[in-house]
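Just so you know, residue 1 is the first one in the sequence shown, and it goes up from there. The shown structure was predicted, so the numbers you read here are calculated from the model rather than taken from an experiment.
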Amino acid sequence: MSNPNVYVDHIKSSGLSIYDPIEIGDTKLWIPTPELEVLLNKHLVGILLAGLPLRTRSKVVKEHVCKALGYPVPKSFRKTQPRFPGQLFDTYIQKANNLQVWNEELSSTRRYVMIRVSADDTIKRVKVVTGDTLALLDTTGTLTQKYQARLIPHDSTAELITDCDTELLLPFVRNQITQLSSPVDHPADGELLSIKTIFDRLQKLVGNTFPNTGFDQERNRGAALHRLICQNLGYKDYRDDGRFPDIRHQLLEVKLQTSPTIDLGLVCPDSTEVLDTPKIRGYQVRHCDVRYALFYATIEGGNVRLTHFFLTTGQAFFTRFPRFEGKVLNKKLQIPLPANFFDGESEG
């Protein structure tokens, strides 16, 4: 992760307001989601909002957000969507674990700044997520998953759908890298393993087993697989901050499948929408450049057994996995946040 304060300094000297557009991935002015979360936690945690009417409380929080990011505080806040158009995010003050989004569809590129407030109205934690993360949290049915696909295993236990990375990514990938930093670092020139190398390292996981924590513990099952993947790729540690893609440093999204239906949320793999990461040598990575590792598994007694492995680029995703779509309901969405939603990242 880069030094978040550098972005604040650039914004201060730019003279931009929160309403001035910034290109996603701008290496000086666009604050990536992990750094945005760090800055807001540093400056907002501990602020007391007790006794303030709801509208005043919202205004005070937005003023503090401006100061934290290096923006001048406007005399009045416009009713824009989102409220902070320059950095593409909205703020939500959460005393309870029930998120309400009014009259808007979730957007995969929009950021949602969730501010946890304690019983005495003190800011305790700030979590920043994108719309695709929120879509996957919805268990109420108020939001239909927008993108789904079907995975039907064939005879081969390991399939490399395309043996070449996307044209945009090709100049930055390597077949061998001596040392990998951290799975949650931003992707960088010369630090991306080629899709063929990733395939060679991960196909060895087919046949592996790990404890089954149950159907209501999908996050924990995913974490066990995630840890194995990090080890096989060559990372010395395991980290997971819950963002897309799962292993950001390698632009690798991981799916553990025990049924044929692949839930993709709001992220369409072959989309040319840009990804919320800093540019690489002047080029902005897109969703279609992300690599997808899909592991099919069976439940055997108390264990999960990995039986098949598939690897593809987002660009080639639907050449192997047929898509079917639902629709997003455009009304007030109520999304129950998990009890551990505001916890820190996992690490080992």
Side-chain angles (χ1 to χ4, degrees), residues 1-97 99-102 104 106-107 109-118 120-131 133-134 241-243 276 278 335 337 341-345:
M1 181 185 292
S2 51
N3 180 2
N5 294 317
V6 173
Y7 297 103
V8 177
D9 293 338
H10 286 307
I11 289 171
K12 281 181 178 177
S13 60
S14 72
L16 295 174
S17 78
I18 61 172
Y19 304 107
D20 294 315
I22 292 171
E23 186 181 9
I24 295 176
D26 186 301
T27 54
K28 291 185 176 181
L29 298 172
W30 173 262
I31 309 174
T33 297
E35 284 82 353
L36 180 61
E37 184 173 289
V38 168
L39 286 169
L40 294 179
N41 272 293
K42 178 182 176 182
H43 292 277
L44 269 63
V45 169
I47 292 173
L48 183 64
L49 304 172
L52 297 176
L54 288 180
R55 283 193 176 184
T56 305
R57 183 176 69 168
S58 177
K59 181 174 183 288
V60 167
V61 166
K62 289 199 281 276
E63 288 174 348
H64 280 289
V65 170
C66 288
K67 294 172 185 175
L69 305 184
Y71 285 105
V73 177
K75 292 180 180 178
S76 62
F77 288 92
R78 305 175 198 167
K79 290 187 176 180
T80 56
Q81 287 187 334
R83 289 293 191 261
F84 288 78
Q87 296 286 342
L88 276 182
F89 69 81
D90 274 311
T91 54
Y92 294 85
I93 300 172
Q94 295 293 133
K95 206 166 189 177
N97 279 353
L99 171 66
Q100 296 188 0
V101 180
W102 289 84
E104 284 187 88
L106 294 180
S107 165
T109 54
R110 177 85 56 90
R111 277 99 70 86
Y112 298 79
V113 172
M114 323 287 280
I115 301 167
R116 166 62 91 193
V117 177
S118 66
D120 66 353
D121 290 314
T122 301
I123 296 177
K124 291 295 186 184
R125 180 83 164 82
V126 180
K127 182 88 170 175
V128 184
V129 297
T130 47
T133 300
L134 290 182
D241 59 9
R243 306 186 196 281
D276 173 23
I335 300 176
L337 303 176
F341 179 77
F342 286 94
D343 293 350
E345 70 177 36

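Contact of the Phe342 side chain with the Lys124 side chain is not registered, since no non-hydrogen atoms from C-beta on lie closer than 4.5 Å. Annotation: side chain of Pro4 is not in contact with side chain of Ile31 (no heavy-atom distance under 4.5 Å). Looking at heavy atoms from C-beta onward, Leu36 lies in side-chain contact with Leu69 at the 4.5 angstrom threshold.
Remark: Asn5 engages Asn3, Leu39, Lys42 in a side chain to side chain contact (heavy atoms under 4.5 Å, CB included) (not counting sequence neighbours). For Lys59, the salt bridge (charged side-chain N to carboxylate O under 4.0 Å, His left out) partners two or more places apart in sequence, or in a different chain, are Glu63. Among residues two or more places apart in sequence or in another chain, the salt bridge (charged side-chain N to carboxylate O under 4.0 Å, His left out) test is passed with Arg243 by Glu37, Asp241.
The side chain to side chain donor-acceptor pair (under 3.5 Å) test with Arg111 singles out one residue from Thr33, Thr130, Thr91, and that residue is Thr33.
Annotation for Pro32 and Asp276: closest pair CA-OD1, 3.5 Å, computed over non-hydrogen atoms. The minimum heavy-atom distance between Leu134 and Ile335, with the atom names listed, is O-CD1, 3.9 Å. Considering every non-hydrogen atom in both Trp30 and Gln87, the closest pair reads CH2-O, 3.4 Å. Shortest non-hydrogen contact noted between Pro278 and Tyr7 is CG-OH, 4.2 Å. Taking each heavy atom of Tyr71 and Leu16 in turn, the nearest pair found is CD2-O, 3.4 Å. Of all heavy-atom pairs between Arg110 and Asp90, the closest is NH1-OD2, 3.1 Å.
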Please list, one pair per line, the donor and acceptor atoms closer than 3.5 Å that link side chains of residues 17-25 to other protein atoms, with sequence neighbours excluded.
unit_1: Ser17; atom_1: OG; unit_2: Tyr19; atom_2: N; d: 3.1
unit_1: Ser17; atom_1: OG; unit_2: Asp20; atom_2: OD2; d: 3.2
unit_1: Tyr19; atom_1: OH; unit_2: Arg78; atom_2: N; d: 2.8
unit_1: Asp20; atom_1: OD2; unit_2: Ser17; atom_2: N; d: 2.7
unit_1: Glu23; atom_1: OE1; unit_2: Lys279; atom_2: NZ; d: 3.0
unit_1: Glu23; atom_1: OE2; unit_2: Lys279; atom_2: NZ; d: 3.2

Show the atom names and distances, to 0.1 Å, of all donor-acceptor pairs under 3.5 Å that link a side chain in residues 46-58 to residues at least two apart or in another chain.
unit_1: Ser58; atom_1: OG; unit_2: Lys62; atom_2: NZ; d: 2.9

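Looking only at distances, a side-chain donor or acceptor of Asn41 sits under 3.5 Å from a matching main-chain atom of Val126.
The 12-atom threshold is exceeded at NZ of Lys95, counting heavy atoms of other residues, nucleotides or ligands nearer than 6.0 Å.
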Assess the residue pair Leu337 and Met114 against the criterion (side-chain contact (heavy atoms from CB on, under 4.5 Å)); give the C-alpha distance rounded to whole Å, side-chain angles, the decisive distance to 0.1 Å, and a yes or no. CA-CA 10 Å; Leu337 303 176; Met114 323 287 280; 3.9 Å; yes
Mind running side-chain contact (heavy atoms from CB on, under 4.5 Å) on Phe341 and Asn97 for me, showing each step along the way? CA-CA 9 Å; Phe341 179 77; Asn97 279 353; 5.8 Å; no
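Legend: salt bridge (Lys or Arg N to Asp or Glu O under 4.0 Å) pairs involving residues 65-76, not counting sequence neighbours: none detected.
Ring planes of Phe89 and Phe84: parallel class, angle under 30° (limits at 30 and 60°).
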